[in-house]
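Only heavy atoms go into these numbers, but all of them, side chains included; no hydrogens, no water, no symmetry mates.
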Amino acid sequence: MSSFLATFAKNFNKKHILKTFEELGVSAEIRKAIEELGYEHPMPVQEEVIPYLLGVNNDVVALAQTGTGKTAAYGLPVLQKIDPSRTDTQAVILSPTRELCLQIADDLEAYSKYLPSVRVLPVYGGTNIESQIRTLKKGVQVIVATPGRLIDLMERGAASLGQVENVVLDEADEMLSMGFSESIDTILAGIPENHNTLLFSATMSKEIERISKKYLRHAQEIVVGSRNEGAETVNHVYYMVHARDKYLALKRVVDYYPKIYAIIFCRTRMETQEIADKLIQDGYNAEALHGELSQQQRDLTMQKFRQHRVQFLVATDVAARGLDVEDLTHVINYGMPDDTESYTHRSGRTGRAGKKGTSICIINTRERAKVREVEKIIGKSFVKEELPSGKDICAKQLYKVIDDIERVEVDEEEIEQFLPEVYRKLEWLDKEELIKRVVSREFGRFLQYYANAPEIEEPVEKAKGEKGKGKRGRNAEEGFTRLFLNLGKLDGFYAKEIMKLVNDHVKGKVEVGRIDLMKSFSFFEVAEEEAERVISGLSKVQVKGRKVVVEGASTDEGSEDSSKRKKKRKDDNRDKDSRRGEKKSRNDRKEEPKAKDRKKDKKEKPSREERGYTAPRGKKYSKDDWKQFFSGENTSGELVGEEPDFSEEGWARRYPKKK
């Protein structure tokens, strides 16, 4: 038994001993470069992928979370397989965004530090294409590109892909969701068929399975962890608040973590800019990142964020795709995204390279279902937490101030000449008074804000199985007023049209909540204090010649009492119709004698003959009247030929024209 255990332990240890890059087959030049970057042992995805990619004709579908070392997993073997004696392009790496394109190129240049003949070039839109063309003409072995710019270079004849041996699709699921499927088809059509295709993705969607069957040959699927699983190093937390309190909740969350370094994800460009502006106005170090910024603005923003000169990056999903930022402590979801894949990519920005991270979701009651859906797919549970109180936040910030004072490094030589004057100015203060003033100065902003700040109420979640009485019986969320609109789906009115109607005709910003669409009418919710302004602003509006009616919706719509009232209204309408019918019948009966009298009067009227008329009405014609048209000064009065007989059948019949 003991010998069996010894053998088992020996084999177990052999199996789980950490491998080295040398054992994976990585060349000495590349190993030297990555060791200088701090790489000691390969990560799980690298252990699985690198040996396989170093082979020939091996297509790969690798599924691993962001931050697990995917760039090195494909980058090291791709660089090692480059023939430095050739200057033609031998590898193409496609990425969905410009930021990720630059990031991959920077990593590959660092890995190839001791491969002087290997040249890597990032090509992407939003920058001068002429400089990229000049560099390509000199010879580039590895092109890292966004699909659109690479196609442009191919059409200009600047990018020749006839000798490409390896194609990498990084963040493939993102490229497909951004609509690059046709662009990928175009690029692969210009590449030899005997190339390797390497597809890397964080999630395995149906679209990824489709594209792998289309482009890859007998691909090896390498999964690190489980399909669509969330990263193990990320904790998932959510706070439940009313929709109107989201921004106040965001401030409390970021204030509670003094050393937070985070990306705040928003759904739209407008919301992104709005939240960033609010944070800056409230004294936070924040910047916005979205598609409406120029490439130079985006590069500058990312540079400041990576250098920790910006604490909060407020970004859209598209702008932040593929971003690799070191030491990111938190990802904050200012509302849940529409799909699970987006959440997976958001949360994957933190907890990278084995470090711990936290993904925080600030949601309202209507987004709770999305949280449950994400939990099922990623296989991770979200922890519901209560918003920190003002007292808790002040305590956290106070300890940070004290900690910062303790950690200050004093350079006595630099300040020595100023100390006598400082001592003289402060000699009247004792130690306790001096400490109070220093703390108040550093800590005053939080004390002032949270001293009288009201507590944020948490909405009450309905118990499982407890549902409303249908859409018509739905009450407005607390703090909102439910309004009725006399336009619905049959009028071409959907959520977008309702939002546009409000924005175009109501002055100032209006916070719109839930929208319920019916066939001929709709309901929408607005903040209580804005309801009268919305009703007033839309009171004189017409849409396609139809007057818009907006009024407060009954809170007990769909209830028993409401049903009774509706039934009563129907009965009243029937009674009215019945009374109208009876009245009409009486009127008809009254009018009957009059009609008979008119008929009688008509019969008593004498005929034309009785009144002495014997000739028929109208002008009298004879059969020879036609001859008058042939008499005159220019005619002899005699007709040539046989006189026509108008009594003959068919004399004036019109025959169809011959075709």
Side-chain angles (χ1 to χ4, degrees), residues 66-67 95-103 124-126 146-148 170-180 202-203 205 234 243 246-247 249-250 253-254 260-281 284-306 310-325 328 330-350 352 357 359-364 367 370 374 495-496 499 503 509 511-512:
T66 54
S95 73
T97 63
R98 295 171 281 191
E99 285 76 19
L100 181 57
C101 175
L102 286 167
Q103 189 174 291
Y124 51 89
T146 53
D170 196 1
E171 302 280 3
D173 50 348
E174 293 298 334
M175 277 194 281
L176 295 177
S177 68
M178 293 171 70
F180 285 130
T203 60
S205 62
V234 178
K246 269 193 174 184
Y247 178 71
L250 172 65
V253 169
V254 299
I260 188 173
Y261 176 50
I263 297 178
I264 302 170
F265 282 100
C266 298
R267 293 167 60 110
T268 65
R269 296 174 184 177
M270 186 180 296
E271 186 180 58
T272 299
Q273 192 63 57
E274 180 185 336
I275 297 302
D277 291 342
K278 281 185 176 181
L279 288 171
I280 294 169
Q281 186 177 355
Y284 297 92
N285 190 0
E287 290 276 358
L289 183 71
H290 52 75
E292 289 185 354
L293 300 177
S294 67
Q295 184 59 39
Q296 288 182 337
Q297 289 173 315
R298 292 171 68 172
D299 291 343
L300 180 60
T301 298
M302 281 309 304
Q303 182 182 4
K304 290 193 291 185
F305 187 59
R306 285 198 172 97
V310 170
Q311 187 179 9
F312 302 108
L313 183 69
V314 189
T316 57
D317 288 306
V318 174
R321 276 173 182 155
L323 291 183
D324 186 5
V325 182
L328 201 67
H330 292 75
V331 164
I332 300 176
N333 299 276
Y334 195 77
M336 294 295 290
D338 292 328
D339 55 273
T340 307
E341 286 78 9
S342 293
Y343 179 82
T344 304
H345 282 277
R346 285 183 178 188
S347 60
R349 299 304 108 209
T350 185
R352 301 172 78 87
S359 176
I360 294 174
C361 302
I362 302 174
I363 64 172
N364 56 37
E367 294 175 300
K370 289 185 179 180
V374 172
K496 181 181 176 182
M499 294 291 292
N503 292 334
K509 185 188 171 186
E511 185 177 359
V512 178

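- The shortest distance between side-chain heavy atoms of R306 and Q103 falls below 4.5 Å.
- Of the possible polar contacts, none joining the E171 side chain to the P96 backbone as a donor-acceptor pair under 3.5 Å is found.
- Note that OH of Y261 and CD of Q311 are 10.0 Å apart. Values are rounded to the nearest 0.5 Å.
- Contact annotation: the side chain of L289 never approaches that of F305 to less than 4.5 Å [non-hydrogen atoms, C-beta and beyond].
- S359 places none of its side-chain heavy atoms less than 4.5 Å from the side chain of R346.
- Under the 4.5 Å side-chain criterion, counting only non-hydrogen atoms from C-beta, V331 is not in contact with V234.
- Counting heavy atoms from C-beta outward, T146 and S95 have side chains that approach closer than 4.5 Å.
- Put simply, the side chain of Y247 reaches to within 4.5 Å of the side chain of L279, judged on heavy atoms.
- Electrostatic pairing of K246 and E271 does not count as a salt bridge here, judged by no charged N lying under 4.0 Å from a carboxylate O.
- At a threshold of 4.5 Å between non-hydrogen side-chain atoms, the residues I332 and L250 count as touching.
- For the atom pair CD of E292 and OG1 of T316, the computed distance is 9.5 Å after rounding to the nearest 0.5 Å.
- Summarising the geometry, atom CZ belonging to F312 is positioned 13.0 Å from atom CD1 belonging to I275; distances are rounded to the nearest 0.5 Å.
- A side-chain contact (heavy atoms from CB on, under 4.5 Å) with T272 is found for one member of V314, D317, I264 and no other, namely V314.
- Side-chain contact between F265 and I263 is present, with heavy atoms from C-beta onward closer than 4.5 Å.
- Rounding to the nearest 0.5 angstrom, the gap separating the CD atom in E287 from the CE atom in M302 is 11.5 Å.
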